[in-house]
Protein chains: 2
Amino acid sequence: MDVNKSPETSIREVPGVRVTTQRRLLLDLIRQAGGHLDADELYRRARGREPRLSLSTVYRSLRLFKELGLVEEVHYSREHLHFEAKSPKDHYHIICLSCGQVEEFESRLAQEMKSEVGEKLDFQITGADLQLSGYCSRCRLERSSGSGSEE
Amino acid sequence: MDVNKSPETSIREVPGVRVTTQRRLLLDLIRQAGGHLDADELYRRARGREPRLSLSTVYRSLRLFKELGLVEEVHYSREHLHFEAKSPKDHYHIICLSCGQVEEFESRLAQEMKSEVGEKLDFQITGADLQLSGYCSRCRLERSSGSGSEE
DNA sequence: CTAAGTGCAAAGTATTTGCAATTGG
DNA sequence: CCAATTGCAAATACTTTGCACTTAG
């Protein structure tokens, strides 16, 4: 499938692709989630409203959305597919290794880095996936003040 | 290739953990590879020298090495586990979407970004995983010069 | 109406685990 | 010697696929 337009807002305009109840629901949920859903979590949420929905439809839809540029795949770990709604500006992720919370951030430095590296290696850079990891303030407090339990 | 000091240069010093032929071989191969091996590739290479080696040993060793801080897991895709020997300085990856080649790069901007973001979000940042993607010069030439062949 | 999409079950991959046999220290 | 490790096969976990039925357009 070839769709080289800017991020679509809807499925409607793609010829041959139908708007189904399931797809509408799934896309809604992804967008409402504000990011960071894996297939299974999405499935669980979707079943609340559409109990007959199957996991394979979730996977198929996710793949479709990705092809259409409606969502983006993010690699947090090797364990699941993670997706989130595509948003207009670049943003990246930072994950707390202790509590697992994921926050988004932006940074002009990322832009700079893209140009710099692109120039140096003679790459035309089209995407960037940046993930930082560390410990959020809350977890640091707990650590320093309390008992040490580690993974 | 020199592999002098890393967090942990060898398994030897860890009590209860044994140095086996398999582990030595695997760690050697990972370090020689200079980066970017997935479990299966490592398995294939290792069997050349140790044909009775099993895939599960590869997985178990990889997990052990990661726990010991000897190797690092990198998420290129959801499809495989990728590992590489832990190296003293940060470096990141850029992948060509057309031919798939992966190159490494460094950038002081990454450092800056870590501090900046860490400060802004009040995170203590311990790791960064940066991946850029785009098209290398060779593939760009092929593209622009002629026949439209796509993957 | 009919091509596109769905649910379900079965098939794939990649990775992990149980266990008897082996081996490092 | 004996706990750690291994190889093998079976088990898991996640994702994809085949197919008959349903549905959007």
Side-chain angles (χ1 to χ4, degrees), chain A residues 1-3 8 10-30 36-68 70-83 151, chain B residues 10-30 36-68 70-71 73-83:
Chain A
M1 183 164 301
D2 173 75
V3 182
E8 296 287 341
S10 105
I11 297 172
R12 207 147 314 169
E13 45 228 75
V14 186
V17 175
R18 290 180 184 171
V19 181
T20 65
T21 320
Q22 293 91 330
R23 289 179 180 170
R24 207 169 0 221
L25 169 59
L26 291 172
L27 198 47
D28 267 9
L29 287 175
I30 295 171
H36 326 125
L37 278 177
D38 62 41
D40 202 61
E41 174 63 20
L42 179 57
Y43 176 54
R44 241 173 290 125
R45 295 190 189 186
R47 289 195 104 182
R49 287 204 240 158
E50 194 77 39
R52 308 204 25 137
L53 184 89
S54 78
L55 229 201
S56 30
T57 296
V58 172
Y59 279 109
R60 284 190 279 228
S61 302
L62 247 14
R63 212 192 322 168
L64 175 70
F65 297 161
K66 193 175 64 165
E67 277 162 6
L68 297 181
L70 294 167
V71 304
E72 216 159 10
E73 200 178 314
V74 187
H75 306 298
Y76 289 125
S77 76
R78 63 197 144 87
E79 278 151 4
H80 305 280
L81 282 176
H82 284 253
F83 285 89
E151 227 282 272
Chain B
S10 102
I11 297 172
R12 206 147 314 166
E13 44 227 77
V14 186
V17 175
R18 289 182 185 171
V19 181
T20 65
T21 319
Q22 293 91 330
R23 288 179 181 168
R24 209 173 354 228
L25 169 60
L26 291 172
L27 198 47
D28 267 10
L29 287 174
I30 296 171
H36 325 127
L37 278 177
D38 62 41
D40 204 60
E41 175 62 20
L42 179 57
Y43 177 53
R44 240 172 291 125
R45 295 189 188 186
R47 288 195 104 183
R49 286 205 240 159
E50 192 78 40
R52 308 203 26 136
L53 184 89
S54 78
L55 230 201
S56 28
T57 295
V58 172
Y59 279 110
R60 284 190 278 228
S61 302
L62 246 15
R63 214 195 317 169
L64 176 70
F65 297 160
K66 192 174 64 166
E67 276 162 10
L68 296 182
L70 295 167
V71 304
E73 201 178 312
V74 187
H75 306 298
Y76 289 126
S77 76
R78 64 196 144 85
E79 278 152 7
H80 303 281
L81 282 176
H82 284 253
F83 286 88

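Every chain is numbered from 1 and lettered A, B, ... according to where its sequence line falls, protein lines coming before strand lines. If you're wondering where the values come from, they're calculated on a predicted model, not measured in any experiment.
In this structure, CD of B:E50 is placed 13 Å from C1' of C:dT22, rounded to the nearest angstrom. As a whole-Å value, the separation of B:L55 CG from D:dA9 P is 13 Å. Between the CG atom of B:L62 and the P atom of C:dT15 there is a distance of 9 Å, given to the nearest Å. Atom CG of B:L64 is separated from atom C1' of C:dT17 by 16 Å (rounded to the nearest Å). Put simply, CZ on A:R44 is 14 Å from C1' on D:dA13, counting in whole angstrom units. The distance from atom NZ of B:K66 to atom C1' of C:dT15 is 12 Å, rounded to the nearest whole Å. If you take CZ of B:R52 and P of D:dA9, they are 11 Å apart, rounded to a whole angstrom. Rounded to whole Å, atom C1' of C:dT16 lies 15 Å from atom CG of B:D40.
Between D:dT6 and B:R23, a contact under 4.0 Å exists linking OP1 or OP2 to a side-chain N or O. Distances shorter than 4.0 Å separate some side-chain N or O of B:Q22 from OP1 or OP2 on D:dG7. Put simply, B:Y59 has a side-chain N or O that comes within less than 4.0 Å of OP1 or OP2 on C:dT15. For C:dT17, one of the phosphate oxygens OP1 or OP2 lies less than 4.0 angstrom from a side-chain nitrogen or oxygen of B:R63.
Rotation axes derived from the C1' atoms of the five outermost pairs at either end of the helix from C:dC1-D:dG25 to C:dG25-D:dC1 lie 40° apart, to the nearest 10°.
Here the CZ-CG distance, from B:R18 to B:L64, works out to 13.5 Å after rounding to the nearest 0.5 Å. Put simply, CG on B:L42 and CG on B:L26 are 5.0 Å apart, with the number rounded to the nearest 0.5 Å. Atom CG of A:L37 is separated from atom CZ of A:R45 by 5.0 Å, given to the nearest 0.5 angstrom.
A pairwise comparison of heavy atoms in B:A39 and B:L55 identifies O-CD2, 4.5 Å as the closest pair.
Using a 4.0 Å heavy-atom criterion, one finds that A:L53 contacts the sugar-phosphate atoms exclusively.
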Checklist entry - Run the side chain to side chain contact (heavy atoms under 4.5 Å, CB included) check on B:L27 and B:V71 step by step: do they pass? => result CA-CA 9 Å; B:L27 198 47; B:V71 304; 4.2 Å; yes
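The side-chain contact (heavy atoms from CB on, under 4.5 Å) check on A:R44 picks up A:D40, A:E41, with sequence neighbours excluded. Taking B:E50 as the reference, B:T21, B:L25, B:L53 meet the side-chain contact (heavy atoms from CB on, under 4.5 Å) condition, with sequence neighbours excluded.
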Next on the checklist: Each nucleotide in nucleotides 18-25 of chain D should get exactly one letter: B, S or -. Can you fill that in based on protein heavy atoms under 4.0 Å?
Outcome noted: B----BBS
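Residues B:G16 and B:R47 each lie close to DNA chain D; by heavy-atom proximity, the contact nearer the 5' end of the strand is made by B:G16.
Side-chain N/O atoms of B:R63 and B:Y59 include no donor and acceptor closer than 3.5 Å.
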